[in-house]
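Below is one structure, written out as structure tokens, with a few remarks after it.
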Amino acid sequence: RKLPNVSLGAFLIQMVTRKKKENVKSYLHIRRYMYHRYGIGNVFENMARGIIARGGEVIYNAVIKEIGINREQGINKIVLDGPHGAQVKGDLFVSTIPLDSLVGYFSPVITDFENISRELPFRNGIIVNVVIDRNKFDDPHWTYLVNKRFYFNRVSETKNFSLHCAPEGKTLLMLEKICAPQDPVWEWDVEKWRPKVEADLGILGIKPTEIKEIFTSKMDKAFPFYRVGYESAKKSFLDRIVSLKNLVTTGRYGLFLDINMHDAMVLGIEGFKYLNEGRLKEFYQTHEEIPILFRQQKAEAK
């Protein structure tokens, strides 16, 4: 969905009629984005405040020790490790954590899922944040660095999402590197990144003297890694996990999808609806089309 669906026939029709048919399955026809003035984290902070205002509880920085399950009931408890040391019980559960992490918490262990880490693996992501002594670098929100000269995979400029994401006279570039969990770069300190940063940004016309600060952010299991034949492995997993009737696994991590945040939000909302209505099997069978249908319905409503 992030790549163009190129068709010679559609191109010729467009040349003759001067009309371009939008492909609703592609992100590329979207030209207007909504972004929070002070960063996307504010959306989730507001959600947490809303939960608390309605009498709910938000537990931060908790580590799951185990997820108690049985075949008939599904999840019967979640045990938290560390200072919380609590047991969380509930009627319905929504998981958005990586599939291999989810099944790794199950107690008793379900051997049906023992190969999940190999069949549906993830890759880590490292963001090297670079403060530049410029008010602005470029117009695009993000640029994929596909030329082999580049070490990094993508560069994003947060100020292009919102001017409030960086102070006047400075801008922040986010250089992204995808790596395997065992890759040595995962353990690099900031100064080891500097030569790589200076080399790639030098190609883009930024001098080393313009780089004022470098700091990193790490994303464990940030990207699903699609091996040949992953579709059948994923279908097999979802066909088995549906037996846990009070649990839905959804979102980018929970459905092994390389999707953007807005589609992940749709799948979170819709996933709970399907769970609450006892339609889990239907959700897992149609989940890839749900965000597309959601956007079509919103467009038709306008």
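Since the model is a prediction, treat every value here as computed from it, not as a measurement.
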query: Do Phe137 and Ile132 touch side chain to side chain, with heavy atoms closer than 4.5 Å?
result: no

statement: Shortest non-hydrogen pair, Pro224 vs Arg252, comes out as CD-NH2, 4.3 Å

Shortest non-hydrogen separation from Pro181 to Asn124 and the atoms involved: CA-ND2, 3.4 Å

message: A side-chain contact here means heavy atoms from C-beta on lying under 4.5 Å apart; do Ile290 and Tyr274 qualify?
response: yes

- request: Report the C-alpha separation of Lys77 and Glu66 in whole Å, then their side-chain angles, then the decisive distance to 0.1 Å, and conclude whether the side-chain contact (heavy atoms from CB on, under 4.5 Å) test is met.
  value: CA-CA 8 Å; Lys77 65 180 178 180; Glu66 68 176 60; 3.8 Å; yes

message: Looking at Lys281, I want to see if its NZ is surrounded by more than 12 non-hydrogen atoms of other residues, nucleotides or ligands under 6.0 Å.
response: no

message: Classify the ring geometry of Phe161 against Tyr35: parallel below 30°, tilted from 30° to 60°, perpendicular beyond 60°.
response: tilted

query: Of the non-hydrogen atoms in Cys179 and Trp186, which two are nearest, and what is the gap between them?
result: SG-CE3, 3.9 Å

task: List the atom of Tyr284, the atom of Val248, and the distance in Å for their closest heavy-atom pair.
output: OH-CA, 3.5 Å

message: For Arg295 and Val266: C-alpha separation, side-chain torsions, deciding distance, then whether side-chain contact (heavy atoms from CB on, under 4.5 Å) applies.
response: CA-CA 9 Å; Arg295 283 211 305 272; Val266 169; over 6 Å; no

message: Could you see if Ile203 belongs to whatever hydrophobic cluster contains Val197? Use Ile, Leu, Val, Met, Phe, Trp, Tyr and a side-chain cutoff under 4.5 Å.
response: yes

message: So does Phe215 get a backbone contact from the side chain of Asn129, meaning a donor-acceptor N/O pair under 3.5 Å?
response: yes

- request: Dump the intermediate steps for salt bridge (Lys or Arg N to Asp or Glu O under 4.0 Å) on Lys207 and Glu210, then the final yes or no.
  value: CA-CA 5 Å; Lys207 300 176 183 177; Glu210 295 181 275; over 6 Å; no

query: Under 4.5 Å between side-chain heavy atoms, hopping through other hydrophobics if needed: is there a path connecting Leu92 to Leu247?
result: yes

query: Between CD of Glu176 and CD1 of Ile126, what distance do you get to the nearest 0.5 Å?
result: 10.5 Å

Point-to-point distance, once rounded to the nearest 0.5 Å, from CZ of Arg49 to CZ of Arg54: 12.5 Å

message: Tell me whether Ile69 shares a hydrophobic cluster with Phe93, the cluster being built from Ile, Leu, Val, Met, Phe, Trp, Tyr side chains joined at under 4.5 Å.
response: yes

query: Between the main-chain N or O of Lys273 and the side-chain N or O of Asn276, is there a donor-acceptor pair closer than 3.5 Å?
result: no

- request: Please determine if Glu288 and Lys234 form a salt bridge, counting it only when a charged side-chain N lies under 4.0 Å from a carboxylate O.
  value: yes

- prompt: Taking the six-membered ring for Trp, are Tyr230 and Tyr226 parallel (under 30°), tilted (30 to 60°) or perpendicular (over 60°)?
  reply: parallel

- prompt: Where do Val185 and Trp193 come nearest, in terms of heavy atoms and distance?
  reply: O-CZ2, 3.7 Å

- request: Scan side-chain atoms only and decide if Asn135 and Thr171 contain a donor-acceptor pair under the 3.5 Å cut-off.
  value: no

field: Note, Ile127 side chain near Leu175 side chain (heavy atom, < 4.5 Å)
entry: no

query: Donor-acceptor pair, Arg240 side chain versus Ser236 backbone, under 3.5 Å?
result: yes

field: Student check: side-chain heavy atoms of Ile211 and Leu201 closer than 4.5 Å
entry: yes

message: Phe272 and side chain to side chain contact (heavy atoms under 4.5 Å, CB included): which single residue from Val94, Leu267, Thr250 fits?
response: Val94

query: Does Ile110 reach the side chain of Val103, with side-chain heavy atoms less than 4.5 Å apart?
result: no

query: Got a donor-acceptor contact below 3.5 angstrom from the Asn147 side chain to the Arg149 backbone?
result: yes

query: When the ring centroid of Phe122 is compared with that of Phe256, is the distance short of 6.0 Å?
result: yes

- request: Would you confirm whether Thr286, through its side chain, and Glu282, through its main-chain N or O, come within 3.5 Å as a donor-acceptor pair?
  value: yes

task: Determine, using the 4.5 Å side-chain heavy-atom cutoff (strictly less than), whether Val109 and Ile116 are members of one ILVMFWY cluster.
output: no

- prompt: Is the charged tip of Lys196 near the ring of Phe152: under 6.0 Å from the six-membered ring centre and within 45° of its axis?
  reply: no

query: In this structure, are over 12 heavy atoms from other groups packed under 6.0 Å from Lys221 atom NZ?
result: yes

- prompt: Centre of Phe225's six-membered ring, under 6.0 Å away, within 45 degrees of the axis: is that where NZ or CZ of Arg123 sits?
  reply: yes

field: Within 6.0 angstrom of Asn70 CG, more than 12 heavy atoms from elsewhere
entry: yes

message: According to a hydrophobic-cluster definition based on side-chain heavy atoms being under 4.5 Å apart (Ile, Leu, Val, Met, Phe, Trp, Tyr only), do Ile214 and Val155 belong together?
response: yes

message: Does Tyr151 form a side-chain contact (heavy atoms from CB on, under 4.5 Å) with Leu145? I'd like the steps, not just the answer.
response: CA-CA 8 Å; Tyr151 176 77; Leu145 305 176; over 6 Å; no

- prompt: So how far is it from Asp239 CG to Asp112 CG, rounded to the nearest 0.5 Å?
  reply: 12.0 Å

- prompt: Does atom NZ of Lys218 have more than 12 heavy-atom neighbours, drawn from other residues, nucleotides or ligands, at distances under 6.0 Å?
  reply: yes

- prompt: Judged by atom type as modelled, is there a donor-acceptor pair below 3.5 Å linking the side chain of Asp263 to the main-chain atoms of Ile259?
  reply: no

Check ion pair Arg194-Glu198 (N to O, under 4.0 angstrom): yes

query: When rounded to the nearest 0.5 angstrom, what is the spacing between CG in Asp138 and CG in Asn160?
result: 7.5 Å

- line: Separation between CZ (Arg37) and NE2 (His164), nearest 0.5 Å, reads 5.0 Å

- prompt: Can we say Glu157 and Lys159 salt-bridge, meaning some charged N sits less than 4.0 Å from an Asp/Glu carboxylate O?
  reply: no

More than 12 heavy atoms from other groups under 6.0 Å of CE on Met219: yes

Residues Lys89, Asn76; criterion side-chain contact (heavy atoms from CB on, under 4.5 Å); working and verdict: CA-CA 6 Å; Lys89 293 182 179 286; Asn76 52 38; 5.6 Å; no

- line: Note: Tyr253 and Asp220 closest approach over all heavy atoms is OH-O, 3.6 Å

query: Under a 4.5 Å cut-off applied to non-hydrogen side-chain atoms, are Val242 and Phe283 in contact?
result: no

message: Could you measure the distance from the CG atom of Asn246 to the CD1 atom of Ile75? Nearest 0.5 Å is fine.
response: 5.5 Å

Tyr38 vs His36 side-chain heavy atoms within contact, under 4.5 Å: yes

- prompt: Between Val128 and Lys177, is any pair of side-chain heavy atoms under 4.5 Å apart?
  reply: no

